[in-house]
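Okay, so here's the structure we're looking at.
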Amino acid sequence: MEQLAIFGGKPVRETAIGYGRQFIDNADIQAVVDVLKSPWLTCGPQIPALEQKLCEITGAKYAVAVSNGTAALHLAAMAANIGPGDEVIVSPITFAASANCVLYCGGTPVFADIDPETYNIDPASIRSKITDKTKAMVIVDYTGQAADYDEIEKIAREYNLILIEDAAHAIGTKHNGRGVGSYADMTTFSFHPVKTVTAGEGGAITTNDEKIYRQLLRLRAHGITRNQDEMANESHGPWYNEQVELGYNYRLTDIQAALASSQLDKLPAFVARRKEIVAKYDEAFADIPELIVQKEIAASDTARHLYILNLHPEKAKCTRRQMYDALYAENVCTQVHYLPVYWHSHYEKLGYQKGLCPNAESLYEHELSLPLFYAMTDEDVESVIAAVKKVLDFYR
Ligand SMILES: *Cc1c(COP(=O)(O)O)cnc(C)c1O
C-alpha cells in the first residue's frame, strides 16, 4: 500500500488545488476596462444590461442587481414584509446569510431538516414546522440541485407562504424545465468568486411580480423613488426625488455588472464542464462502500456548484477530519459546506439547540467539498479521485 503524504509518503499532486476558483478571460478583462474608460462607474447602463441578461437566462420577468447575495436575501426578506413575530422556514445546511436575512428583519428562522439523500430541505419536515406564525420559506438549492419544488410550491399555496429561493449555488439550474429564478416569488443569486459566475462581489434578485420589482428597486437605493406614482407628496420639479421607505445602498457598480455580464456569456460552458467533472466523480465513487453519492432528483437539471464527498457513517473507517488532513497533505484542499446554521454560537445565544435537525447534523459530520471548478483539467480530476481512493485504501 502507498504511504500517505501525511505520514511522509509522496503526495498524489505536486501542486495544491482548492475546492473552487474563478475563471477570468480576456473578454472579462476588456469588459471591465471598457467601463473604467466610460463616464459611468455606477448607476450606468451596465446595470440594466446585466438585469436583462439575467431575465433571459432565468426566464424571470424582472431582475434587480445588488451588491452581493446577502443584500439580495435581505431585500427579499424586506419585500416579503417579514417582521417581529413572523416565522420563516430555512434549511440549516447553508451559508448563514440564508437565515441571517430573517434576523435582519426581526423575524424568527425555523430550521427544517434535510433529506438524507439529496441534502436539500425535506418537504415533510417543512410541514412539521409550520405554525400559524409561518410567513415565508427561504429554500436553498444546495450544491446547485433544485429542491423539491413540486412539493414546496404545493406547501406554499396551501399555507399561503412567500417562497424565497436562495439560488446562490444554482444559477443555470432548471426545475422541470423551468429556469431557477422564474417560479419562486423571489430568487436570490450571488456572484462571489467561489460561485459559478463572479462579479468580485455581487448579487441579484429575480421576480415575476411588478410590485415587488418596483419595491426592490427602491430598497437597493435608500428607499428613494423618482416615480410620481410611488410618492406620497407632489413633485417639486425635475430634480425631485423622495424617500418613501427605509432602504439601503445595496447598488452594484457598473464595473462589477460588466464583469458579471461577460461571465454570464460563458455560463453554458461553465455548466457543461462542471457537469462533466461531477459525472467523473460520481462514476469513480459509485461503487465505493465507504462513500455516499448525492442523489439527484429527476426534476432537477443541475448546474452543480459543489461536489460533496460524503463518508458513510458506519462503513467509512476514517473520520471526516482524518480524510480532510490526509487530502490536504496530498495537496487536495477541501472545505466543509456547511456547519448547521444553528450551531453557530450567535444562534446558540438566541436559544437554538443541537439535535434540532439530525440529518443536517449527520451530513455536516461526514462531508467535504471536493475541488469543482471550470478550469480543472481531466488530470486534476483524476488526481483528486486518486487521492480520495489512496486515503480510503490506507484506512480500510
Ligand atoms: C454565497 C452564499 C450566500 C451569500 O452570498 P454573498 O454574495 O457572499 O453575500 C447566500 N447563500 C448561499 C447558499 C451562499 O452560498
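Order of listing sets the numbers, starting from 1, for every ligand and every atom in it.
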Between [X] and ligand 1, find which residue part has any heavy-atom pair under 4.0 Å and reply side chain, backbone, both or neither.
X    : value
T70  : both
T94  : side chain
F189 : neither

Which of the numbered atoms in ligand 1 are under 4.0 angstrom from any heavy atom belonging to [X]?
X    : answer
S98  : 11 (N)
D166 : 10 (C), 11 (N), 12 (C), 13 (C)
G69  : 5 (O), 6 (P), 7 (O), 9 (O)
A168 : 2 (C), 11 (N), 12 (C), 13 (C), 14 (C), 15 (O)
Y338 : 15 (O)

Between ligand 1 and G203, can you find any atom pair, the residue atom being a heavy atom, that is separated by under 4.0 Å?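 Under 4.0 Å: no for G203.
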
Is H305 near ligand 1, meaning one of its heavy atoms is under 4.0 Å from it?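 Flag not set, H305 not near ligand 1.
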
Which residues pass the side-chain contact (heavy atoms from CB on, under 4.5 Å) test with S125, sequence neighbours left out? A112, D113, D122, S128, K129

Who's the nearest protein heavy-atom neighbour of atom 5 (O) of ligand 1, and how far? S190 OG, 3.3 Å

Any idea which protein heavy atom is nearest atom 2 (C) of ligand 1, and the distance to it? K195 NZ, 2.6 Å

Please test E290 against R396 for salt bridge (charged side-chain N to carboxylate O under 4.0 Å, His left out), starting from the C-alpha separation and ending with a verdict. CA-CA 9 Å; E290 288 100 328; R396 191 168 280 141; 2.8 Å; yes

Is it the case that the ring center of Y338 lies less than 6.0 angstrom away from the ring center of Y364? no

Could you check whether Y142 and H337 have their ring centres less than 6.0 Å apart?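 Distance test on ring centres: not under 6.0 Å, no.
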
Distance under 6.0 Å and angle within 45° of ring axis: R273 vs F23: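 R273 over F23 ring: no.
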
Could you tell me which non-hydrogen atom of Y213 sits nearest to which non-hydrogen atom of A63, and how far apart they are? CE1-O, 3.7 Å

Over 12 foreign heavy atoms within 6.0 Å of CG, N249: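 For N249, atom CG is crowded (more than 12 foreign heavy atoms under 6.0 Å).
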
With no hydrogens and no angle check, do the side chains of Y159 and D132 hold a donor and an acceptor under 3.5 Å apart? no

For Y324, give me all partners under ring-ring contact (aromatic ring centres under 6.0 Å, His included), at least two apart in sequence or on another chain.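 Checked Y324 against ring-ring contact (aromatic ring centres under 6.0 Å, His included); zero matches.
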
Please assess K174 against D301 for the test salt bridge (charged side-chain N to carboxylate O under 4.0 Å, His left out), listing each intermediate value before the final yes or no. CA-CA 5 Å; K174 292 191 166 68; D301 177 2; 5.5 Å; no

What do you reckon, does [X] have a nitrogen or oxygen under 3.5 Å from a nitrogen or oxygen of ligand 1?
X    : result
A97  : no
E201 : no
H192 : no

